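Whatever order the structure lists ligands and atoms in, that order sets their numbers, starting from 1. Note that the coordinates shown come from a computational prediction; the quantities given were computed from them, not determined experimentally. Reckoned from all heavy atoms, side chains included, excluding hydrogens, waters and symmetry mates.
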Amino acid sequence: MTIEIKALSKHYKNQVVVDQLTLSIEKGELFALLGQNAAGKTTTIKMLCGLLTPTSGDAILEGESIVFSQTAVKKIINISPQETAVAPNLTVQENLLLMGQIYGDSKQIAQQHAVAQMDLFGLTSVKEKRAKVLSGGYLRRLSVAMAMMSKPQILFLDEPTLGMDVRARRDLWRILLQIKGDVTIVVTTHYLEEIEMLANRVGIMNQGKLCALGTVQQLIDETGKPTLTEVFLELTKEVLH
Ligand SMILES: Nc1ncnc2c1ncn2[C@@H]1O[C@H](COP(=O)(O)OP(=O)(O)OP(=O)(O)O)[C@@H](O)[C@H]1O
């Protein structure tokens, strides 16, 4: 297992935002964490990345605990958060180089790696453009490419296709499909049709709890619903109505 989440919880005062979450994610999987707004997805990802301290529980990432070995965990993971960490006045290329050098690469190695990422993410044609003039689709691709500059074993993507048009979303998913296998990818999204086609497994969160886990086909078989969207609506219906 690459990720073993063990009774992970986050409380804010009286509110339980993530409630005893327990699940395992295999190496190389593209795993989708689903749930309606406020289900606790971002909070979970932030805890796994060391950006938030759990109230209780733990998660073991490639053998390292997020509670006891945060520095080791940070070396093997990276995140493209909802709020992108792109420097607006730097060019695409400069953003990637900066990220490589922050993670300890020499300028030459960072350059080589940046060229490879720009190629993979379709950013070569805009490499001299400042990030602030990029469209939303390019900006998000740059954000994910920047996360890849640290050569993570585990990549967390929080709503990577939010606000993108159909083509931009498809382009990013194609890239993620190329990366998965080498990298374990944990993604949150509200675009269930894409997940149906692309994710190896999904976990559905509802009010901080994991209420379903499996392949899309397993969830469809278990619930007798025809699509992942119908499964999702069924499992989260108390809150929706
Ligand atoms: N710092 C905080 N203090 C108090 N409550 C918080 C804090 N951060 C998040 N929450 C609450 O935790 C709950 C879960 O938020 P979270 O962002 O994890 O949900 P989500 O599943 O990612 O939702 P979305 O799909 O809208 O991104 C929400 O009710 C939110 O208001």
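Under the 3.5 Å distance criterion, with hydrogens and angles disregarded, a donor-acceptor pair is assigned to the side chains of Asp58 and Ser65. Counted by atom type alone, Arg140 and Ser80 present one or more donor-acceptor pairs between their side chains at under 3.5 Å. Using modelled atom types and a 3.5 Å distance limit, the side chains of Thr184 and Glu29 yield no donor-acceptor pair. Checked by atom type, the side-chain pair Asn206/Thr236 shows no donor-acceptor distance below 3.5 Å. A side-chain N or O of His113 and one of Gln117 form a donor-acceptor pair less than 3.5 Å apart. Between the side chains of Asn78 and Ser150, a donor-acceptor pair is found at a separation under 3.5 Å.
Looking at Gly208, Ala38, Gly35 and measuring to atom 23 (O) of ligand 1, the nearest heavy atom belongs to Ala38. When the heavy-atom distances from atom 25 (O) of ligand 1 to Lys41, Met205, Lys13 are ranked, the shortest goes to Lys41.
Nearest protein neighbour of atom 18 (O) of ligand 1, counting heavy atoms only, is Thr43 OG1, 2.5 Å. Counting protein heavy atoms only, atom 5 (N) of ligand 1 is closest to Tyr12 CD1, 3.4 Å.
Put simply, CD on Glu128 and CD on Gln93 are 5.5 Å apart, with the number rounded to the nearest 0.5 Å.
Here is the list of ligand 1 atoms found below 4.0 Å of a heavy atom in Glu159: 24 (P), 25 (O), 27 (O). When each atom of ligand 1 is checked for a heavy atom of His190 under 4.0 Å away, the hits are 25 (O). The atoms of ligand 1 that sit less than 4.0 Å from any heavy atom of Asn37 are 23 (O), 24 (P), 25 (O), 26 (O).
Taking a distance limit of 4.0 Å, we find that atom 20 (P) of ligand 1 is approached by some protein heavy atom. Put simply, atom 30 (C) of ligand 1 has no protein non-hydrogen atoms near it, under 4.0 Å away.
Heavy atoms of Gln15 found under 4.0 angstrom from ligand 1 belong exclusively to the side chain. Counting heavy atoms closer than 4.0 Å to ligand 1, residue Gln36 contributes backbone atoms (N, CA, C, O) but none from C-beta onward.
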Determine, stepwise, if the pair Lys151 / Asp105 fulfils salt bridge (charged side-chain N to carboxylate O under 4.0 Å, His left out). CA-CA 11 Å; Lys151 305 175 200 77; Asp105 284 343; 3.2 Å; yes
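A salt bridge does not link Lys41 to Glu159: none of the charged side-chain nitrogens sits closer than 4.0 Å to a carboxylate oxygen.
Taking only nitrogen or oxygen atoms, main chain and side chain alike, Gly40 reaches within less than 3.5 Å of ligand 1. Every N/O-N/O distance between Val17 and ligand 1 stays at or above 3.5 Å.
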